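Just below is one structure, and these are the notes that go with it.
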Amino acid sequence: MATKTKTAVAAKTVAPAAAADSTPTETGLPAGFVSPFKRVEMQPNIRIDDGISCIAMLVNQPLDTIMKAAFQRGVAEHGPSWCYASQLQSILRDYGLNAEEKECSTIDALPDVALITAQYNPATQYGRWVLWHHVRATGKIKSFHYVIDPAYWIDPSRHIVTTDIQQLITPKSPIYYLEITPKQMTAKSKAK
């Protein structure tokens, strides 16, 4: 479950596959476009693992692997529990990614890859994480963006959202997100 905290740190992006043209398919994605991220579904009725599922999508690892990393960072092994942004950032660092916690007022201000808070409740300061991907224009396609939603209770037609993203964003509230970027190599880390 996404929460607004004032901590920041770690993540990495994947180069998108090029699309053959910009004609939308049934999912709303351009024909021929293959997302570099494979959807990982939350565990039904077990815990609140939306953020952990999004990390599994980002780093192309099984949910169990990322769940073990979350347990090592203090997430309870049994019963409902969730990862705070600082725990997600710590897991992402292990995979060579930075995740900086930020906020913006419009989807146009979102970065290329991020975990964004969907259905954010300002009163409780909770929402749930979904994976955001903005694909930049090339000679063959126009720019576009989509969200991959790990929620187990949604209709399969909503697993990848392209046109109704505003439905996931709380009106009159900032969009809280973790911007995902490759971890910068320093001279010290290169020497190891």
Side-chain angles (χ1 to χ4, degrees), residues 2 8-41 50-63 66 85 88-89 91-120 127-151 154-170 174-186 189-190:
V9 187
K12 164 182 172 181
T13 58
V14 177
D21 62 51
S22 59
T23 307
T25 62
E26 285 181 24
T27 63
L29 296 174
F33 175 79
V34 177
S35 174
F37 308 110
K38 182 180 175 195
R39 182 177 181 270
V40 175
E41 188 165 287
D50 48 325
I52 297 168
S53 295
C54 286
I55 289 178
M57 289 185 241
L58 280 167
V59 300
N60 195 28
Q61 292 292 316
L63 184 59
I66 304 305
L88 297 175
Q89 291 165 323
I91 297 167
L92 286 164
R93 272 194 299 274
D94 289 348
Y95 287 92
L97 299 171
N98 287 316
E100 187 175 352
E101 195 169 0
K102 297 182 176 185
E103 63 183 71
C104 64
S105 58
T106 173
I107 62 173
D108 294 332
L110 287 166
D112 290 350
V113 178
L115 301 184
I116 63 172
T117 53
Q119 299 170 330
Y120 178 74
R128 61 186 183 85
W129 295 109
V130 296
L131 177 61
W132 161 271
H133 186 204
H134 175 77
V135 180
R136 295 183 180 269
T138 67
K140 296 180 181 182
I141 61 167
K142 297 176 184 176
S143 68
F144 65 97
H145 46 259
Y146 61 97
V147 167
I148 302 176
D149 193 333
I154 61 173
D155 186 270
S157 68
R158 306 282 307 149
H159 288 177
I160 296 177
V161 179
T162 57
T163 55
D164 296 333
I165 292 172
Q166 284 300 134
Q167 178 180 318
L168 294 171
I169 307 300
T170 306
I175 301 168
Y176 298 105
Y177 64 96
L178 293 175
E179 179 176 11
I180 310 299
T181 58
K183 191 171 5 179
Q184 297 298 316
M185 296 295 286
T186 63
S189 64
K190 288 179 185 177

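Note that the structure is predicted; figures quoted are calculated from it, not measured.
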(message) Let me confirm one number: the CD1-CE distance from Ile148 to Met57, rounded to the nearest 0.5 Å.
(response) 6.0 Å

(request) List the atom of Trp129, the atom of Cys54, and the distance in Å for their closest heavy-atom pair. (result) O-SG, 3.7 Å

(request) To the nearest 0.5 Å, tell me how far Ile116 CD1 sits from Arg128 CZ. (result) 10.0 Å

(message) Quick check: do Ile160 and Phe37 have side-chain heavy atoms less than 4.5 Å from each other?
(response) no

(request) Kindly indicate whether the side chain of Cys104, heavy atoms from C-beta on, has any atom under 4.5 Å from the side chain of Ile175. (result) yes

(request) Supply the atom-to-atom distance Leu110 CG to Ile169 CD1, rounded to the nearest 0.5 angstrom. (result) 7.0 Å

(message) Using a 3.5 Å distance criterion without hydrogens, assess whether the side chain of Lys38 forms a donor-acceptor pair with backbone atoms of Asn60.
(response) no

(request) Considering non-hydrogen atoms only, spot the tightest contact between Ala114 and Glu179 and give its length. (result) CB-CA, 4.3 Å

(message) I need the His145 NE2 to Thr162 OG1 distance, nearest 0.5 Å.
(response) 8.5 Å

(request) Decide, yes or no, whether a salt bridge links Arg136 with Asp112 under the criterion of side-chain N to carboxylate O below 4.0 Å. (result) yes

(request) Heavy atoms only: give me the nearest Tyr177-Pro111 pair and the separation to one decimal. (result) CE1-CD, 3.5 Å

(request) Check the pair Tyr176 / Tyr120 against side-chain contact (heavy atoms from CB on, under 4.5 Å), numbers first and verdict last. (result) CA-CA 8 Å; Tyr176 298 105; Tyr120 178 74; 3.3 Å; yes

(message) If I take atom CG from residue Leu131 and atom CG from residue Leu178, how far apart are they, to the nearest 0.5 angstrom?
(response) 11.0 Å

(message) To the nearest 0.5 Å, what is the distance between CD1 on Ile91 and CG on Leu58?
(response) 11.5 Å

(request) Could you pull out all residues at least two apart from His159 that satisfy ring pair (Phe, Tyr, Trp, His ring centres under 6.0 Å)? (result) none

(message) Parallel, tilted or perpendicular: which one describes the rings of His133 and Phe33, with boundaries at 30° and 60°?
(response) tilted

(message) Within the 4.5 Å heavy-atom criterion, are Val130 and Pro150 side-chain neighbours or not?
(response) yes

(request) List the steps, then state whether side-chain contact (heavy atoms from CB on, under 4.5 Å) holds for Leu115 with Asp50. (result) CA-CA 10 Å; Leu115 301 184; Asp50 48 325; over 6 Å; no

